[in-house]
Amino acid sequence: MGRKLFLGYKLRRLREQKKLSQAALAALLEVSPSYLNQIENNQRPLTVTVLLKIARVFDVELPSLVEDDESRLVADLKEAMNDPVFGGGGIPLSELRNAAGASPELAKRVLSLYQAYQQQSERLHTLTENLSSGEGEAARQGVHFPYEEVRDFFYYCNNYFGRLDEAAEELVSREGFRLGEMHNELVRYLKDRHDVRVRIPDEPAMRRFDASHGTLELSAQLSISGRAFQLAHQVGLLAYHGLIDEIVGGAKFASDDARSICRVGLANYFAGALVMPYGAFAEQARSLRHDIEQLQSRFGASFEQVCHRLSTLQRPGSRGVPFYFVRVDRAGNITKRHSATRFHFTRFGGACPLWNVHEAFAQPSKILVQLARMPDGIAYICLARTVTKKGGAYSRPDRHFAVGLGCETAYAGELVYAGGLDLGHEPAAVPIGVNCRICERDDCRQRAFPPIGSHITVDENNRSFVPYLFA
DNA sequence: ATTGCGCAGTGATGAAAGCT
DNA sequence: AGCTTTCATCACTGCGCAAT
């Protein structure tokens, strides 16, 4: 019980803050310099008498001296040690505490080693992905593909571009746009302010802008929300190209391809920000408890747009719930992804077949709710639903996607979808090493499809609970 | 039950070596 | 020269254990 206190590093920081030498502080504390030195190097524990003297000399509260730092270290260690790479099975908390207390420096180094490992494997996965995508030569030379590069940039920005959000909000209030009526508002705005007329020819092109004639053609197949989004996109390009170029310029892309892909991405971001302005949207999302369908009707946006927007609410100071967002096609390919969470998307292959984004195709248009626990031990509440892109002709069949949205169960209380889920009673832990073909745990290497249901547990509400999805 | 002894662990120190 | 680190050492305490 009587854990020994090793606060050497903390003491050293305190001392250096006060610009005292060891000798000087030793005199103040009435101990020998060598003893103090050993304490600072964690070769000697802090005794109560010395601790009291320190508290007196530095005029700090005892609790603040003893706590804080170490508990964070312990928490980080715990998280890291849960990674299967460490051989599975957590280390008892008491042992972690001992380790962090006795040799915080070692603990920190283990953590930074782990961090480096994560980065490396991330890079390796990217590389593997590139190699298998048939453009091996470039990848082998370490050349990033434009799309990858842009995606990394968005990831690096946490998928949040405050300046675009602010610009969009400012435009909405300046023009007095009525939310939920953005289609009509933007048609009017484009005509009044930019002398651009909107036409709807029956052509496959989603959006075509002709600057010389001042016309914007939109596909007849687009829904109203889709049109509003394309209009907003065009507004971004017309009215805020300077701002967009500035952001693109700041990203230091290697190629023009990457720059133009990024420009499109930013214009899309702006479109989302214009149709669903940050402040109003975040507020509504909270008060409607993230009811996607209600948000859709308030803002006249599609299911996918709302989900995507929800994953971008990371404004410092007024962050929303951190969501991941994915879109997959029927073959299981991830066609869009973003994560404001610690959620790790698999980099290669399909995702775990047990994930409800795949199940969604079997129950079109129905919102599926699932609790899933990742190999890192974090549990997520996962929503999934199919969305359809109209083709509008026999030669252009509809395309179906499944959209997935989710967050850690810690936030589940803020979601209507958690109703009925007894989060306090998650189904008991499921054995490690289920034979998922994706997770690649040591005892789970078989690539065959797992017998669906064999390692799935179901809670009282008949909602499936998937133990491990993918690494 | 008490006493004495050896021993290991702990808190602390001083001398000397190592750094800048 | 002053500060920091290492190392050997010491006093003290508590514990196990055998002798009394």
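Numbers restart at 1 for each chain; the letters A, B, ... are given by sequence-line order, proteins then strands. For the numbers below, each heavy atom of this structure counts, side chains included, while hydrogens, waters and symmetry mates do not.
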- Separation of dG18(B) C1' from N37(A) CG (nearest whole Å): 12 Å

- Considering only NZ, NE, NH1 and NH2 on the basic side and carboxylate oxygens on the acidic side, decide whether R309(A) and D165(A) come within less than 4.0 Å. yes

- Query: Do R327(A) and E304(A) meet the salt-bridge criterion of a basic N to acidic O distance under 4.0 Å?
  - Reply: yes

- Task: Calculate the interatomic distance between Q38(A) atom CD and dC7(C) atom C1'; express it in whole Å.
- Result: 9 Å

- Whole angstrom value for the distance that separates P of dT5(C) from CG of L36(A): 10 Å

- Atom-pair distance (NZ on K53(A); P on dG11(B)), nearest Å: 14 Å

- Nearest-0.5 Å distance that lies between atom CZ in R163(A) and atom CD1 in I247(A): 5.5 Å

- Does a donor on one side chain sit under 3.5 Å from an acceptor on the other, for Y160(A) and R315(A)? yes

- Item | Length of the CD1-C1' vector between I39(A) and dT10(B), whole Å | 12 Å

- Item | Whole-Å distance separating the CD atom of E30(A) from the C1' atom of dG11(B) | 16 Å

- Message: It should be established whether R15(A) places a side-chain nitrogen or oxygen under 4.0 Å from OP1 or OP2 of nucleotide dC3(C).
- Response: no

- Query: When only distance counts, do a donor and an acceptor, one from the side chain of S32(A) and one from the base of dG14(B), lie under 3.5 Å apart?
  - Reply: no

- Write down the distance between CG (L25(A)) and P (dT5(C)), rounded to a whole number of angstrom. 13 Å

